[in-house]
Number of protein chains: 2
Amino acid sequence: MATEEDLSLTFAALADPTRRAMLARLARGPATVTELGAPFGLAQPTISKHLKVLERAGLIARTQKAQLRPAMLQTAPLVEVSQWLDGYRQFWEANLDQLDFYITSLQEAQK
Amino acid sequence: MATEEDLSLTFAALADPTRRAMLARLARGPATVTELGAPFGLAQPTISKHLKVLERAGLIARTQKAQLRPAMLQTAPLVEVSQWLDGYRQFWEANLDQLDFYITSLQEAQK
DNA sequence: TCGGTATATAGCTGATTGGCTATATAGCTG
DNA sequence: CAGCTATATAGCCAATCAGCTATATACCGA
């Protein structure tokens, strides 16, 4: 089960577009730091910092291969997010949005 | 469709445990600022600030009823998150985790 | 062993964040 | 209208963040 702290770390890691783009890249397979950084005009230490955030959230794992330290996607935290979302899914899947409720009740009241 | 900016705002809003607890409360129905703040030992302006973050992310909508300004859950950003997650779901639903891939390939290599 | 390549760490900066107190605004209610 | 209640705004602070440059570390290959 995800602790609140886990979820906070995961959501915070996902809040940055650069990091989400990195995850998207990793969805196509493992990649090195240099490969991951290439699409962005960012300095190498900045990339390493982003990777550390992703790693701390458990969203990536790293291996060692000579001086390369490829990263690969880890889905456990995404599963936690998905499970967290499940608690709210009912609100949109049945169009039972709070706003819908509100508007409907207003319309009812007018009759 | 969710812009990157939308997703960033949403994930950032969800990264705070106080705000997630507020959403959980709102899942049970609309609530006023005072009601939302009650469970936490936080000052009232702090609660208002959290609500503003949630509102900016589109996760809540507010109405006016005398001096009360109740908030209610808005699920649109959660739907965006869910759709974003869909892009990764294949990686865990079929146990096709990158780590699984890696371990399996190591084991294969040892034979 | 030396030079090059890949990555990490240290340390700086400006912006943002989550908390606070003090104060303003707005709407009831007596 | 006076005072109470609910909420918002302003402004402060310490911590965190995303970026940078400079430098260290680690490994390979000639």
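Numbers restart at 1 for each chain; the letters A, B, ... are given by sequence-line order, proteins then strands.
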Exercise for the section: Would you mind telling me which of D:dT7, D:dT5, C:dA6 lies closest to the side-chain atoms of B:Gln67? Expected result: D:dT5
Reckon [X] touches a base, only the sugar-phosphate, or nothing at all at heavy-atom distances under 4.0 Å?
X	result
A:Gly37	nothing
A:Lys49	base
A:Ala66	sugar-phosphate
A:Thr34	sugar-phosphate

Which nucleotide, in any strand shown, forms a Watson-Crick or G-U wobble pair with [N], with both distances under 3.5 Å?
N	answer
D:dA8	C:dT23
C:dG30	D:dC1
C:dT16	D:dA15

Practice task
Decide if the gap between the ring center of A:Tyr88 and the ring center of A:Trp92 is smaller than 6.0 angstrom.
Solution key: no
Fill in the blank from the handout: Result for 5'-nearest mapping on DNA chain C, choosing between B:Leu42 and A:Gln44, is A:Gln44
Fill in the blank from the handout: The residue, A:Lys65 or A:Thr18, whose nearest nucleotide of DNA chain D is more 5′ is A:Thr18
Handout entry: Short side-chain N/O contact from B:Arg69 to OP1 or OP2 of D:dA6, under 4.0 Å
Key = no
Handout entry: N/O (side chain, A:Arg62) to phosphate O (OP1/OP2, C:dA8) under 4.0 Å
Key = yes
Exercise for the section: Say whether, by atom type as modelled, one donor and one acceptor occur between the side chain of A:Arg20 and the main chain of B:Glu4 under 3.5 angstrom. Expected result: yes
Problem - Heavy-atom side-chain proximity of B:Val33 to B:Leu68 below 4.5 angstrom - result: no
